[in-house]
Amino acid sequence: RYFQKYKEQGLDDWDAAYASMIEGMDKSLGDLRANLKRHGIEDNTIIIFMTDNGQPSQADLNLPLRGHKLTPYEGGIRVPTMVKWPGVTEPNSVCDNYFIIEDLFPSILEMAGVTEYDQIGGVIDGVSVVPLLKQSDGYPKDRAIFWHFPHSYDQYPYSTIRKGVWKLIYFHEDEHYELYNIDKDISESKNLYAEYPEIAHNLAGELGAFLKEAKAVMPISKKTGVPVPLPG
């Protein structure tokens with residue numbers, strides 16, 4: 001319903017479709033909020049708004065971030081999140097800490113006051129981010145989070161760990177590493193792997209241990225016919 005408007009503004013078909021999707025999502029969120037207000041439950045409803053990845057490769061880069069959807073760089077994995085929790089989240093407040101999307105499950109349980117439940121498999125991935133939303137203590141400092149992409153789909157396979165200011169990427173194809181200090185180099189323009197071998201070694205070991213514990217599948221090397229070795 002918005003496509004033709006953007007075409008008339010001079011956008012090509014792809015950009016017009018992209019812009020239409022964004023406006024359509026914005027309109028839907030507005031409709032949902034209006035409906036909450038109409039039913040008188042606006043003050044008893046938590047809204048969590050986020051995306052699962054960065055912009056697709058056909059779109060302009062989200063500078064100064066490097067990369068796009070499916071890549072291990074910040075342009076592929078760093079996304080905004082907005083939370084409205086009436087009476088809890090401070091209006092217009094900002095949190096610079098990081099978390100990962102599987103954290104939403106334990107967070108929503110805590111928000112809803114659910115303390116007793118049976119989780120299939122017995123293990124819950126993620127950590128509650130309620131302390132961040134309340135601007136209180138309790139969220140783990142310099143926590144390690146992980147990504148694992150053992151596929152060749154618009155991007156070579158890789159595994160990644162982020163811990164504090166550091167991010168290490170392990171590329172499966174040729175088993176090389178890249179290390180970045182995200183706080184000082186959000187564009188990931190300088191690979192620090194050779195300058196900080198001890199940090200890289202420790203992160204690679206932690207990444208490999210996580211993948212082993214998770215029974216993560218590694219791709220098969222066409223050169224050797226066996227799985228690519230775990231990092232570390």
Side-chain angles (χ1 to χ4, degrees), residues 52-54 61-81 94-103 106 123-129 131-132 136-152 154-232:
D52 62 340
N53 50 246
L61 288 174
N62 188 17
L63 298 175
L65 305 183
R66 176 182 177 182
H68 53 77
K69 176 182 176 180
L70 298 181
T71 70
Y73 301 111
E74 294 297 283
I77 60 178
R78 176 185 287 253
V79 297
T81 303
V94 176
C95 175
D96 291 326
N97 216 320
Y98 59 84
F99 70 96
I100 196 164
I101 197 167
E102 55 258 39
D103 294 337
V123 177
I124 292 181
D125 294 326
V127 173
S128 173
V129 300
L132 298 181
S136 62
D137 296 332
Y139 186 78
K141 181 177 175 59
D142 292 342
R143 166 194 174 204
I145 56 176
F146 306 90
W147 296 263
H148 183 55
F149 188 80
H151 316 289
S152 292
D154 196 33
Q155 168 66 34
Y156 291 120
Y158 60 82
S159 302
T160 308
I161 178 174
R162 166 79 190 268
K163 190 173 185 180
V165 302
W166 296 101
K167 185 165 82 174
L168 181 79
I169 307 170
Y170 173 57
F171 289 92
H172 300 171
E173 185 187 29
D174 57 6
E175 302 172 33
H176 86 274
Y177 293 90
E178 294 179 8
L179 178 70
Y180 299 102
N181 184 315
I182 300 301
D183 272 14
K184 294 182 178 180
D185 181 22
I186 198 173
S187 299
E188 296 167 290
S189 60
K190 186 177 181 182
N191 181 5
L192 301 174
Y193 179 75
E195 294 183 38
Y196 296 92
E198 185 175 355
I199 291 175
H201 175 77
N202 291 338
L203 289 174
E206 191 167 350
L207 176 58
F210 172 82
L211 295 175
K212 184 177 181 179
E213 181 181 0
K215 297 181 173 61
V217 176
M218 299 295 289
I220 304 297
S221 169
K222 291 184 177 180
K223 295 178 181 178
T224 65
V226 300
V228 173
L230 291 170

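The chain is numbered in sequence order, starting from 1.
- The salt bridge (Lys or Arg N to Asp or Glu O under 4.0 Å) pairs that include a residue from residues 210-226 number zero, where partners must be two or more places apart or lie in different chains.
- A search for ring-ring contact (aromatic ring centres under 6.0 Å, His included) contacts involving Tyr73 returns nothing, not counting sequence neighbours.
- Taken to the nearest 0.5 Å, the CG atom of Leu179 stands 5.0 Å off from the CH2 atom of Trp166.
- Applying the ring-ring contact (aromatic ring centres under 6.0 Å, His included) rule to Phe146 yields the partners Phe210; only residues at least two apart in sequence or on another chain are considered.
- Going from atom CG of Asn53 over to atom NE2 of His68 covers 11.5 Å, rounded to the nearest 0.5 Å.
- Residues forming a side-chain hydrogen bond (donor to acceptor under 3.5 Å, both in side chains) with Lys69 (at least two apart in sequence, or on another chain): none.
- By the ring-ring contact (aromatic ring centres under 6.0 Å, His included) test, Phe171 is found to be paired with His176, residues two or more places apart in sequence or in another chain being considered.
- To the nearest 0.5 Å, the span separating CG on Asp125 from CD1 on Ile101 amounts to 12.5 Å.
- A donor-acceptor contact shorter than 3.5 Å is absent between the side chain of Tyr158 and the backbone of Glu173.
- Residue Asp142 qualifies as enclosed at atom CG: its count of foreign heavy atoms under 6.0 Å is above 12.
- You'll find the side chain of Ile77 stays beyond 4.5 Å of the side chain of Arg162, heavy atoms only.
- The side-chain heavy atoms of Asp103 and Arg143, taken from C-beta on, include a pair separated by under 4.5 Å.
- When all heavy atoms are compared, the tightest approach of Pro231 to Leu211 is CD-CD1, 3.8 Å.
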Could you go step by step and tell me if Asn62 and Arg78 meet the side-chain contact (heavy atoms from CB on, under 4.5 Å) rule? CA-CA 10 Å; Asn62 188 17; Arg78 176 185 287 253; over 6 Å; no
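- Rounding to the nearest 0.5 Å places CH2 of Trp147 at 12.0 Å from OG of Ser159.
- Atom CD1 of residue Ile161 and atom NE2 of residue His148 lie 13.5 Å apart, to the nearest 0.5 angstrom.
- Between Pro229 and Tyr170, some side-chain heavy-atom pair lies under the 4.5 Å cut-off.
- No donor-acceptor pair under 3.5 Å is formed between the side chain of Lys184 and the backbone N or O of Val165.
- For His201, there are no ring-ring contact (aromatic ring centres under 6.0 Å, His included) partners two or more places apart in sequence or in a different chain.
- Taking the side chain as every heavy atom from C-beta outward, Met218 and Pro150 never approach each other to under 4.5 Å.
- Between Arg66 and Ser189, every side-chain heavy-atom pair lies at or beyond the 4.5 Å cut-off.
- Among all heavy-atom pairs drawn from Ala194 and Pro197, the shortest one is O-CD, 3.7 Å.
- In this structure the side chain of Phe99 never reaches within 4.5 angstrom of the side chain of Ile145, judged on heavy atoms.
- Contact check for Glu74 versus Lys167: side-chain heavy atoms found under the 4.5 Å cut-off.
- Counting heavy-atom neighbours within 6.0 Å of Tyr177 OH, excluding the residue itself, gives a total above 12.
- Side-chain contact between Lys163 and Asn202 is absent, with no heavy-atom pair separated by less than 4.5 Å.
- The two residues Asp137 and Pro131 make their nearest non-hydrogen contact at O-CB, 3.7 Å.
- Expressed to the nearest 0.5 Å, how far CG of Leu203 lies from CD of Glu198 amounts to 10.5 Å.
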